[in-house]
Amino acid sequence: MAFVAKRCGVKFKPPSIVLIYEDKDTKKLRQRIMPVRNFSQHSDCSQAAERLKNNARHRAYLEGVSLRQLERLHTVLRDRLRGRTLEQSLASLHLDPDEDLNKLGDEELARKKAQMDELFERNRKRKEDPDFVYDLEVEFPEAGDRETCSWDEDESDDEF
């Protein structure tokens with residue numbers, strides 16, 4: 001049997017991952033609810049996602065779902081166990097350019113860094129890309145009010 005994943009989501013009571021998929025043989029949409037067992041507010045989401053993806057009962061259904069997507073769903077479940085609302089949990093999954101990353105805990109900082117790495121890889125230009133330019137030179141507009149720095153004023157290198 002072949003299955004095509006259409007949508008993924010979470011169910012909070014009982015904690016479960018919900019998958020809506022299409023059965024290629026019958027062309028019907030079906031729903032599969034996969035309970036998340038032995039999961040607490042201190043669980044590692046990446047390990048839980050790997051366990052679910054490698055589970056013999058669910059493996060065929062989750063082939064089209066990325067491990068990153070499963071990690072995000074587990075993060076939403078864990079945040080609910082920690083007392084966060086759905087809106088707070090979803091907001092923490094998005095990158096805010098004005099957010100001070102120095103104030104985050106280790107786990108949340110690692111999550112943000114992984115998101116930044118993923119975004120970088122998605123936007124990176126490779127040699128195989130059709131719009132790749134090897135030696136791109138960009139002229140930046142001259143700003144009338146340049147900021148001066150004390151380093152610019154000191155021209156002597158004798159201090160070193």
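The structure displayed is predicted, hence computed values, not measured ones.
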Under 4.5 Å side-chain heavy-atom separation, chaining through any Ile, Leu, Val, Met, Phe, Trp or Tyr, what else clusters with Y134? Say none if it is isolated. F132
For V18, the rest of its hydrophobic cluster, which grows through side-chain links under 4.5 angstrom: I33
Between [atom1] on residue [X] and [atom2] on residue [Y], distance to nearest 0.5 Å:
X    : Y    : atom1 : atom2 : result
R78  : R84  : CZ    : CZ    : 8.5 Å
K103 : L101 : NZ    : CG    : 11.0 Å
I20  : E22  : CD1   : CD    : 12.5 Å
D96  : K112 : CG    : NZ    : 7.0 Å
R72  : L90  : CZ    : CG    : 10.5 Å
E71  : Q69  : CD    : CD    : 10.5 Å

With a 4.5 Å limit on heavy-atom distance, are the side chains of L77 and I17 in contact? yes
Report yes or no: does R30 contribute a side-chain atom to a donor-acceptor pair with the main-chain N or O of D23 at less than 3.5 Å? no
Smallest separation among heavy atoms of S16 and P35, with atom names: OG-CA, 3.8 Å
Take the angle between the ring planes of F39 and H74 and call it parallel below 30°, perpendicular above 60°, tilted in between. perpendicular
